**Q** 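Here it is, the structure, as structure tokens.
Note that the numbering runs from 1 along the sequence shown for the chain. What you see is a predicted model; the values in this text were computed from it and never measured.
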Amino acid sequence: MSKSLICSCEDVTTDDVRHAVSRGYCDVESVKRYTGFGTGICQGKSCLSAVAALLEKEKALKPAAVVPFTPRPPLYPTELRLLASAPVDESVPPVGGVPEAVEDYTPALRPTEPLPAKAKVVIIGGGIMGLALAYNLARAGETDVVVLERGYLCAGASGRNGGGVRMQWGTPALVELAKRSIDLMKGFARELGINVWLRQGGYLFMARTAAVAKKLERNVTLHNRFGVPTRLITPDAARDIVPGLTMKNCVAASFNPEDGVIFPWPFLWGYAQGARKLGVRVETYTEVKGFDLSGGQVRKVRTDRGDIACDTVVLASGAWSPEVARLAGVQLPNEPHRHEILSTEPLKPFLGPLVSVLDSGLYFSQSMRGEIVGGMGDPKEPAGLNMGSTLRFVSRFAQALMEQLPHVGHVKVLRQWAGCYDVTPDNNPILGRTPGLDNLLQMSGFVGHGFMMAPAVAERMAKWMATGESDELFTRFSLRRFSEGSIEREDMIIG
């Protein structure tokens, strides 16, 4: 391997970039995520132009398609304690943010090869749900599958989350799905040949009020019933697990040592590469523009690269699902809500579990590279497809983090970004057939936990589609439940 460095912050070489291109990751955003270039201290200031020039020299893309990746704030590495000093007015909702969300990609990025005129299954959404389903369908023998993604892989929520994977949920269905998902993650590298850096350091949930503590206590009983070894612990016991935690204003905590974190990007690539190897077509930079409908069926999916006739369509577009569904005349109850997150400079390992103050929505963990990665919900955040980053978030987060870990105030934030939760009225997904359009299948509404549920949900959905066998999951979480009133609310939502 050549040591001709192109990104000295992240030790990325020119051969690393060429390797990404050879795997089909040619545009700058994808190369950034595949190699890690531009994610270090300089945030691409010293390497972005060099990578772009190399891509043009390698003729990986047409010159017009070699566009820089989206810069992320802060402009320079900034200490948490300085960010915490920024004033925040909690009484007003957050607005705007930088950069503004990219709604349209340059047509030069659009693939030139024609789409197939027909496919048995068209999956709309190249996030973790759509790709995991495509892979599982192909494993079951159904390879006449096309996945449509409007941007690059990792552009949506699947590439923007903190990588937490947990079994600590408040309803039996999600506990069971999460437990199965983590089992599948353990075998991911062996099965798909890509390391997702699963680290089972546990999840530590902290409660500030008696009501939240009671919820954690109730959940322990539920988890133990499914073989999940969650236990309720005292603040002192929590400090034994994470030395340095103040546990300020906390009355109790719950801990499951088998929860953990993984690295989101390779998780997505693993499913994409696995599906492609089995014959699935994954089409990036391809946007759905409409549907041809007749006789209560979707007959064709119309895109900006042509139409695809199909037998079945799966809607797995996350926060964009309501928007796409409206093209077929279907009204979904889910709403997008911005969720912001950040990453710091790397530190020596000091933090085993992912820690969350359930009352405030604060969460943070330490990545395998040593960065503190964390986010925090904002109760004032209005609904909308907003992926801009705000000073308000980073100030609120820094204040809340330093309240629990005062010694990290000197640590510098390298970058922050935002994605969108796909929120349903009961915090549970929408799965199964669409009333009135029998071959339009729903696979959205996972709030902020679709990433961790994808392996198990995709496994069951592929089997249900391939065999036609009954599965109560697709009745329990059907779109009909909102009109029939048969809902069970999930309340273990962070943020």
**Q** Would you call Asp378 and Arg392 a salt bridge, using N to O less than 4.0 angstrom?
**A** yes

**Q** Quick one: sort the His449 and Phe446 rings into parallel, tilted or perpendicular, breaks at 30° and 60°.
**A** perpendicular

**Q** With a cut-off of under 6.0 Å to the ring centre and 45° to the axis, is Arg72 in cation-pi contact with Trp417?
**A** no

**Q** Tell me which one of Phe263, Phe188, Phe267, Trp265 satisfies ring pair (Phe, Tyr, Trp, His ring centres under 6.0 Å) with Trp197.
**A** Phe263

**Q** Rounded to the nearest 0.5 Å, what's the gap from CG on Leu54 to OG on Ser49? Could you check?
**A** 11.5 Å

**Q** For Ser444, which of Asn334, Leu431, Thr424 qualifies under side-chain contact (heavy atoms from CB on, under 4.5 Å)?
**A** Asn334

**Q** Are His337 and Tyr421 close enough that their ring centers fall under 6.0 Å?
**A** no

**Q** How about Thr284 and Glu149: does a side-chain donor come under 3.5 Å of a side-chain acceptor?
**A** no

**Q** Testing the basics here: between Met167 and Ala178, what is the closest heavy-atom pair and its distance to 0.1 Å?
**A** CA-CB, 3.9 Å

**Q** Crowded around Lys463 NZ? As in, over 12 foreign heavy atoms under 6.0 Å?
**A** no

**Q** Taking 4.0 angstrom as the limit, do Arg302 and Asp307 come out as a salt bridge?
**A** no

**Q** With rounding to the nearest 0.5 Å, note down the distance linking CD in Glu335 to SG in Cys420.
**A** 11.5 Å

**Q** Run through Ile494, Val355, Asn219 and flag the one making a side-chain contact (heavy atoms from CB on, under 4.5 Å) with Phe205.
**A** Ile494

**Q** Hey, what do you get for NZ (Lys120) to OG1 (Thr312), rounding to the nearest 0.5 Å?
**A** 8.0 Å

**Q** Atom OH of Tyr152 and atom OH of Tyr25: how far apart are they, to the nearest 0.5 Å?
**A** 13.5 Å

**Q** Return the minimal non-hydrogen interatomic distance between Gly450 and Ile128, and the atom names on each side.
**A** O-CG2, 4.1 Å

**Q** Shortest non-hydrogen contact from Trp269 to Cys154?
**A** NE1-SG, 4.0 Å

**Q** Measure the spacing between NZ of Lys277 and CG of Leu192 and express it to the nearest 0.5 Å.
**A** 8.0 Å

**Q** Does NZ or CZ of Lys32 come closer than 6.0 Å to the centre of the six-membered ring of Phe37, within 45° of the ring's axis?
**A** no

**Q** Taking NZ, NE, NH1 and NH2 as the nitrogens, is one of them in Glu10 or Arg369 under 4.0 Å from a carboxylate oxygen of the other?
**A** yes

**Q** Please determine if Arg150 and Asp304 form a salt bridge, counting it only when a charged side-chain N lies under 4.0 Å from a carboxylate O.
**A** no

**Q** Return the orientation label for the Tyr34 and His19 ring planes: parallel under 30°, perpendicular over 60°, tilted otherwise.
**A** tilted

**Q** Determine the minimum heavy-atom distance between Met185 and Val196, stating which atoms define it.
**A** O-CG2, 4.5 Å

**Q** Heavy-atom count check: over 12 atoms from other residues, nucleotides or ligands less than 6.0 Å from Arg480 CZ?
**A** no

**Q** Scan for salt bridge (charged side-chain N to carboxylate O under 4.0 Å, His left out) pairs involving residues 159-180, sequence neighbours excluded, and state none if there are none.
**A** Arg180-Glu459

**Q** Taking salt bridge (charged side-chain N to carboxylate O under 4.0 Å, His left out) as the cut-off, I'd like each qualifying pair that reaches into residues 128-141, sequence neighbours left out, listed once.
**A** Arg139-Glu191

**Q** Quick one: do Glu58 and Arg18 make a salt bridge, cutoff under 4.0 Å?
**A** yes

**Q** To the nearest 0.5 Å, tell me how far Ile262 CD1 sits from Ser367 OG.
**A** 13.5 Å

